[in-house]
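For reference, the structure is listed below as structure tokens.
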Amino acid sequence: MLKRTHNCGELREQHVGQTVTLNGWVNAYRDHGEGLIFVDLRDRYGLTQLVFDTRDASRALLELADKIRNEDVVAARGVVRLRDGAPNPKLATGKIEIVVSECQILSKTAKPPFLPWDDKGQMPGEEIRLRHRYMDLRRPRMQEILAKRHRIAKVTRDYFDEMGFLEIETPMLCRSTPEGARDFLVPSRLQPGMWYALPQSPQLFKQILMVSGCDRYLQIVRCFRDEDPRADRQAEFTQIDLEMSFVDRDMVLDTMEGFARRLWKVVEGVDLPPFPRMTYREAMERYGIDRPDTRYGLEIVDVSSVARKSDFKVFTEALEKPRGVVKCIRVPGGADKLSRKITDGYSEWVRQYGAGGIAVTKVSATGGMESGIAKFVESIAGELVARMDARPGDTLLFAADPYTPCTKAMGELRQKVARDLNMIPEGKWNFLWVIDFPMFEFDAKTERFYALHHPFTAPTPEYVEQLMALDPKDHSPANVDRIESLLSAGYDMVCNGSEVGGGSIRIHRQDVQSQVFSLLGLSPEQAKQKFSFLLEALSYGAPPHGGIAFGLDRLVMHLCRTDNIRDVIAFPKTQTGADLMSQAPNLVDDEQLKELHVASTWTGDR
RNA sequence: GGGGCGGUAGCUCAAUUGGUUAGAGUCCCGGACUGUCGAUCCGGUGGUUGCGGGUUCGAGUCCCGUCCGCCUCGCCA
């Protein structure tokens, strides 16, 4: 074959006169008859125009060129010259062209399912793109994402290498551990009836690496959680997993903040300001969510104390319920932007989060209330306006429900209003740390505590002794309150309202770890059975340690400005866990199952 | 498991109130054309309207079921 001397994106005026060879795919051809044919040749680097002209070349060459079609793979040799016609300002190589003297069709294409063009209006549906992923990935946009993902992984390794981290691999075939997400299971051939689980994260292994004296660990690692996917979530995803020894929380946060700053400097060319820190409680109060988007206002205000004074039954009845609250969002100038139809829609929409609905009113020109629930809140109008710092023309949106659904609904509504009213500024990067999470949450239904982060998260130093003194079995309201008020040394890194990383200082004392297990309802026997290796490791001299895991896919999404996680994964899966290209999952031979000592209980059609 | 949206030539879409032989652009095939810029012009191939039932004189259109894709609630320590 004619081997390339250059790629399709690099030739410029300075190369004029050189004889070059290019290899690539035919992006487009313009056939002006037997005498003149243009071909745009494409590779990962760009587009270059080839010209076949009888004034420069043989009739046989033109006959070959006449057969060239979109997506054929072609090698062409010729001289670089300035274009005869006008230059094409849309192409980096637009001032030159290759006068082809020798050409080979290296591979003829079948009729393509679609052409890999970044056309706005003519993009194939996602199902088709995934089915023919090799075609889809040829699109310049997808090539750009693949390259950016590589760049991000490279910056990650470079930064942490400079900081003394070692990249160490951990097993993909692990034992299943309780709690957390559903595991993907792998049957053991050598040990009939036994199962491996694919890792949800290398959490325990990286902690044991700290006990092993590795000091600083890094891994860019695939993780698996068998839960339903979302637009920003796949069952199979990639973490940048990190752990450090002999550190406190601030040392970890500083190191990780430095990483994000480096990444954004290299990829975006921006200098991120220091990341503010916000407690979990403050995040929930002001933003109704543990990953606040601070790029816009619309903050949530608890107006329960004011609402209590009204005669409005929706408010007063909600406040009589356990943990009942009334919360309010002020939409500046909302009177002109939020129609009755829209706010009715919000009222319906928040029901999916367990709220009863949304009450609406507007601030009149005189500073009173008009429309919606105005007549019910007349008596408290002045106080509400003061509390919300409201101005004429503002709309007030209220939810009155028990604390959890009310907070959640307002948190989601805040984001929806911001999107609907185009209040989210472009080009802003608002990073922050959320800290001081509660360690445990009590679930009344199952009558037990759950770890908000995971069972290896340490309490903040000032809560250690309190934790140790508590009676894990006492589920009286007073004790539940005490346990729920324990704060952990966990932290989440949040970027523009999305959690890009989360971690904690870990428990390095065996007695503290045992106490946490018993609070989670694991007996010493159960804990030993499930985590004996960790407990044992911790007993042989564990350094204080902590770490974090970043969602690589999420970071790439931000830096590529897409809200579809499948765009940043070369071969992603659909909502039903299928790979539409390779047709996984699929049936296997009975023989394979037999070897694995496994039989399917599925009786439906296949 | 629940809710919502969608599925019509290879691809992107149209098809009035249920009414003629389901159209257009693009791709592909053939032809014309020597300076194009995801050329232009002429002609052509291409359809089990996701699948299975039902209602009807008549179904792409209405009803039921099912499959697939997307969004979402639950779930995601």
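Order of the sequence lines fixes the chain letters, A, B, ..., with proteins taken first and strands second; residue numbering starts at 1 for each chain. If you're wondering where the values come from, they're calculated on a predicted model, not measured in any experiment.
Protein atom CD1 of A/I37 is 15 Å distant from nucleotide atom C1' of B/U40, rounded to whole Å. In this structure, the NZ atom of A/K416 is 15 Å from the C1' atom of B/C73, given to the nearest Å. One atom, CG of A/N27, and another, P of B/A39, lie 9 Å apart when rounded to the nearest Å. Remark: P of B/G74 and OH of A/Y450 are 16 Å apart, rounded to the nearest angstrom. A/R129 places its CZ atom 17 Å from the C1' atom of B/G6, with the value rounded to the nearest Å. For the pair A/K408 NZ and B/C76 C1', the interatomic distance rounds to 11 Å; values are reported in whole Å. Atom-to-atom, OH of A/Y134 to P of B/G10 comes out at 15 Å; the value is rounded to the nearest Å. Protein atom CG of A/D443 is 14 Å distant from nucleotide atom C1' of B/C75, rounded to whole Å.
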Just the table, please: protein N/O against nucleotides 69-72 of chain B N/O, every pair under 3.5 Å.
residue: B/G69; atom: OP1; partner: A/T574; partner atom: OG1; Å: 2.8
residue: B/G69; atom: OP1; partner: A/T576; partner atom: OG1; Å: 3.0
residue: B/G69; atom: OP2; partner: A/T576; partner atom: OG1; Å: 2.9
residue: B/G69; atom: O4'; partner: A/E127; partner atom: OE1; Å: 3.1
residue: B/C70; atom: OP2; partner: A/Q575; partner atom: N; Å: 2.9
residue: B/C70; atom: O3'; partner: A/R566; partner atom: NH2; Å: 3.0
residue: B/C71; atom: OP1; partner: A/R566; partner atom: NH1; Å: 3.4
residue: B/C71; atom: OP1; partner: A/R566; partner atom: NH2; Å: 3.0
residue: B/C71; atom: OP2; partner: A/Q575; partner atom: NE2; Å: 2.8
residue: B/C71; atom: N4; partner: A/Q575; partner atom: OE1; Å: 3.4
residue: B/U72; atom: OP2; partner: A/A231; partner atom: N; Å: 3.1
residue: B/U72; atom: O2'; partner: A/Q352; partner atom: OE1; Å: 2.8
residue: B/U72; atom: O4; partner: A/Q575; partner atom: OE1; Å: 2.9

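In this structure, A/G94 reaches neither bases nor backbone, as no heavy-atom distance under 4.0 Å exists between it and the strands shown. At a threshold of 4.0 angstrom between heavy atoms, the contacts of A/P455 include nucleobase atoms, whether or not backbone atoms are also involved. Among the heavy atoms of the strands, none lies under 4.0 Å from A/L91. In this structure, A/T109 reaches neither bases nor backbone, as no heavy-atom distance under 4.0 Å exists between it and the strands shown.
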**Asked** A/M244 and A/M256: side-chain contact (heavy atoms from CB on, under 4.5 Å), yes or no, with the steps?
**Response** CA-CA 11 Å; A/M244 308 167 74; A/M256 301 310 161; 3.9 Å; yes

**Asked** What do the steps show when you test A/F449 against A/M439 for side-chain contact (heavy atoms from CB on, under 4.5 Å), and what is the final call?
**Response** CA-CA 9 Å; A/F449 290 96; A/M439 287 196 75; over 6 Å; no

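For A/S582, the side chain to side chain donor-acceptor pair (under 3.5 Å) partners are A/D579, not counting sequence neighbours. Residues satisfying the salt bridge (Lys or Arg N to Asp or Glu O under 4.0 Å) test with A/R141, not counting sequence neighbours, are A/E144.
The C1' atoms of B/C76 and B/U66 are separated by 29 Å, rounded to the nearest whole Å.
Figure legend. B/G46 is base-paired to no nucleotide; pairs are counted as Watson-Crick or G-U wobble with both atom distances under 3.5 Å. Base pairing of B/C5: its partner is B/G69, meeting the Watson-Crick or G-U wobble criterion (both donor-acceptor distances under 3.5 Å).
Taking every heavy atom of residues 523-533 of chain A and every atom of RNA chain B, no pair lies under 4.0 Å. Listed by residue number, there are no residues of residues 482-503 of chain A with a heavy-atom contact under 4.0 Å to RNA chain B.
Judged by the 6.0 Å and 45° rule, A/R233 forms no cation-pi pair with A/F237.
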**Item:** Base versus backbone protein contacts along nucleotides 26-36 of chain B [heavy-atom cut-off under 4.0 Å; B, S, -]
**Value:** -BSSS--BBBB

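Between the side chain of A/D53 and the backbone N or O of A/R55 there is at least one donor-acceptor pair closer than 3.5 Å. Counting only distance, with no hydrogens or angles, the side chain of A/Q200 and the backbone of A/A181 share a donor-acceptor pair below 3.5 Å.
Between A/R30 and A/D40 there is a salt bridge, since at least one side-chain N of the basic residue sits less than 4.0 Å from a carboxylate O of the acidic one.
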